[in-house]
Amino acid sequence: MLKNKLDFIFRTFFFSLLIFAAKAQTPNFEEIINIHVWSELDAYPELAEAQNTEAGIFDYSTKRIKDVAPFLINGMVYGWNFTYTPSDKMRAIDEYFEISPINQINTEENPITYKNPWIQDNLVHIWTEYARTKNQIHSFKAWKTTTTQKTQGIGTASVKLGFEGITAATKNAIRDGIRNFYRPIIKNKPKEISGRIIISKEPKIGITQGQYSVKLDFFLETDRIIKHTIF
């Protein structure tokens with residue numbers, strides 16, 4: 001009888017821990033950003049990091065995670081300004097796309113927490129957590145107004161580029177999402193579109209056929225659309 005009762009208590013307690021852990025790792029972008037980040041255990045052979053014979057076993061993956069996490073979290077807290085010129089063969093115009101951070105998080109005053117690491121499929125995984133400040137919470141809520149548009153995009157870039165490959169794939173995902181949004185609503189290709197975006201959900205990063213693949217959902221605001229002058 002006692003054994004069964006203790007077993008029941010243990011199983012109930014263990015199940016409660018699982019529920020708590022699941023809730024703790026559910027992203028809440030309004031107040032606390034909680035995202036899963038991973039890194040390869042070893043650097044790609046062609047990268048400079050791979051030539052460092054004095055590096056510890058987790059030095060590369062630790063540095064990579066601490067590069068990727070602030071980059072993505074900054075995109076969820078502040079986002080990017082963008083300028084986009086679609087390609088136009090009739091006018092001999094090449095596509096142009098550029099992004100720049102709207103602002104930068106201060107990880108010294110408000111640090112990112114790294115917890116619950118594990119290794120799976122030759123990758124180092126970890127949960128990262130960032131608590132928004134009151135001003136950042138207010139700012140994100142403002143993005144969720146009825147005037148803000150939603151879109152999503154997917155971008156890729158070579159794993160040979162290392163961290164720059166992830167940033168390039170992210171930029172390509174933003175460009176893809178912007179294309180997806182404007183193409184159905186703008187009949188004639190404009191000279192330039194400018195605006196800003198912010199990541200609205202947890203980013204999805206994977207590797208497919210030697211390419212980083214980044215999928216982003218984001219809010220979008222248009223600053224201006226400049227049309228070509230008609231002669």
Side-chain angles (χ1 to χ4, degrees), residues 27 29-30 33 35 67-68 70-105 132 135-206 208-231:
F29 292 109
E30 285 194 4
I33 295 172
I35 63 170
D67 285 337
V68 173
F71 172 72
L72 294 177
I73 290 173
N74 201 76
M76 299 177 218
V77 174
Y78 291 117
W80 293 271
N81 296 306
F82 72 84
T83 302
Y84 175 52
T85 297
S87 64
D88 192 332
K89 294 181 180 180
M90 296 293 293
R91 295 184 172 90
I93 296 175
D94 293 330
E95 182 184 62
Y96 174 81
F97 182 70
E98 193 55 64
I99 60 173
S100 60
I102 295 173
N103 203 344
Q104 293 284 357
I105 59 175
R132 297 182 195 262
N135 288 339
Q136 291 168 352
I137 292 172
H138 177 75
S139 175
F140 186 75
K141 287 181 177 179
W143 275 94
K144 299 174 68 175
T145 63
T146 55
T147 59
T148 302
Q149 306 297 327
K150 296 179 181 180
T151 186
Q152 63 177 211
I154 298 175
T156 60
S158 174
V159 298
K160 296 179 181 180
L161 298 175
F163 173 62
E164 286 71 23
I166 292 179
T167 60
T170 300
K171 180 178 178 179
N172 292 335
I174 295 170
R175 176 174 54 184
D176 184 56
I178 289 171
R179 285 172 174 167
N180 293 339
F181 176 76
Y182 288 110
R183 276 177 177 169
I185 63 175
I186 299 180
K187 184 177 180 180
N188 298 314
K189 291 183 177 181
K191 183 178 181 180
E192 183 181 288
I193 304 172
S194 61
R196 61 187 65 86
I197 70 97
I198 189 170
I199 300 173
S200 60
K201 295 181 180 180
E202 181 180 6
K204 305 297 182 184
I205 302 179
T208 304
Q209 297 179 344
Q211 299 275 309
Y212 288 118
S213 175
V214 176
K215 180 181 179 182
L216 297 180
D217 290 82
F218 52 89
F219 296 126
L220 182 152
E221 287 185 345
T222 306
D223 281 339
R224 63 178 183 172
I225 299 175
I226 304 175
K227 299 181 180 180
H228 287 283
T229 303
I230 301 176
F231 296 95

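Since this is a predicted model, take the numbers as computed values, not measurements.
- In terms of heavy atoms, V214 sits closest to A169 at CG2-CB, 3.6 Å.
- I93 places none of its side-chain heavy atoms less than 4.5 Å from the side chain of S87.
- Here W80 and F219 keep their ring centres 6.0 angstrom or further from each other.
- Using a 4.5 Å heavy-atom cutoff, the side chains of R132 and V77 are in contact.
- Residues M76 and I35 meet the side-chain proximity criterion, which asks for heavy atoms closer than 4.5 Å.
- A 4.5 Å side-chain heavy-atom check between K171 and E98 finds at least one atom pair inside the cut-off.
- Atom CD1 of I199 and atom CZ of F218 lie 9.0 Å apart (nearest 0.5 Å).
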Steps toward side chain to side chain contact (heavy atoms under 4.5 Å, CB included) verdict (R175, I178):
CA-CA 5 Å; R175 176 174 54 184; I178 289 171; 5.7 Å; no
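- Judged purely by atom type and a 3.5 angstrom limit, N81 has no side-chain atom pairing as donor or acceptor with the backbone of I99.
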For side chain to side chain contact (heavy atoms under 4.5 Å, CB included), just list the numbers for K150 and S200, CA-CA rounded to whole Å, side-chain angles, deciding distance to a tenth of an Å, and then say yes or no.
CA-CA 9 Å; K150 296 179 181 180; S200 60; over 6 Å; no
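- Note on ring orientation: taking the six-membered ring where Trp is involved, the planes of F82 and Y182 are tilted (angle from 30° to 60°).
- How far CD of Q136 is from NZ of K141: 13.5 Å, rounded to the nearest 0.5 Å.
- You'll find the side chain of I205 stays beyond 4.5 Å of the side chain of T170, heavy atoms only.
- Within the 4.5 Å cutoff, the side chain of Y84 has heavy atoms near those of the I193 side chain.
- No hydrogens or angles considered: nothing links the side chains of Y78 and S139 as a donor-acceptor pair under 3.5 Å.
- Here the side chain of N172 pairs a donor or acceptor atom with the backbone of A168 at under 3.5 angstrom.
- Summarising the geometry of N180 relative to G153, their closest heavy-atom pair is ND2-CA, 4.4 Å, with the distance given to 0.1 Å.
- Atoms CD and OH, on E164 and Y212 in that order, are 10.0 Å from each other to the nearest 0.5 Å.
- Counting heavy atoms from C-beta on, the side chains of I226 and P190 never come closer than 4.5 Å.
- The side-chain contact (heavy atoms from CB on, under 4.5 Å) test with T151 is passed by exactly one of L220, D176, I174: L220.
- Residue pairs meeting the salt bridge (Lys or Arg N to Asp or Glu O under 4.0 Å) criterion with at least one partner in residues 182-196, sequence neighbours excluded, are E192-R224, R196-E221, R196-D223.
- For Q152, the side chain to side chain contact (heavy atoms under 4.5 Å, CB included) criterion is met by K215, D217, not counting sequence neighbours.
- Minimum interatomic distance between P70 and I105 (heavy atoms only, all atoms of both residues): O-CD1, 4.1 Å.
- Residues G75 and I198 share a closest heavy-atom pair of O-CG1, 3.3 Å.
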Might you work through the salt bridge (Lys or Arg N to Asp or Glu O under 4.0 Å) test for E95 and R179, ending with a clear yes or no?
CA-CA 11 Å; E95 182 184 62; R179 285 172 174 167; 2.5 Å; yes
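- For the pair Q104 and N74, the minimum side-chain heavy-atom distance is below 4.5 Å.
- Checked against ring-ring contact (aromatic ring centres under 6.0 Å, His included), W143 has no partners two or more places apart in sequence or in another chain.
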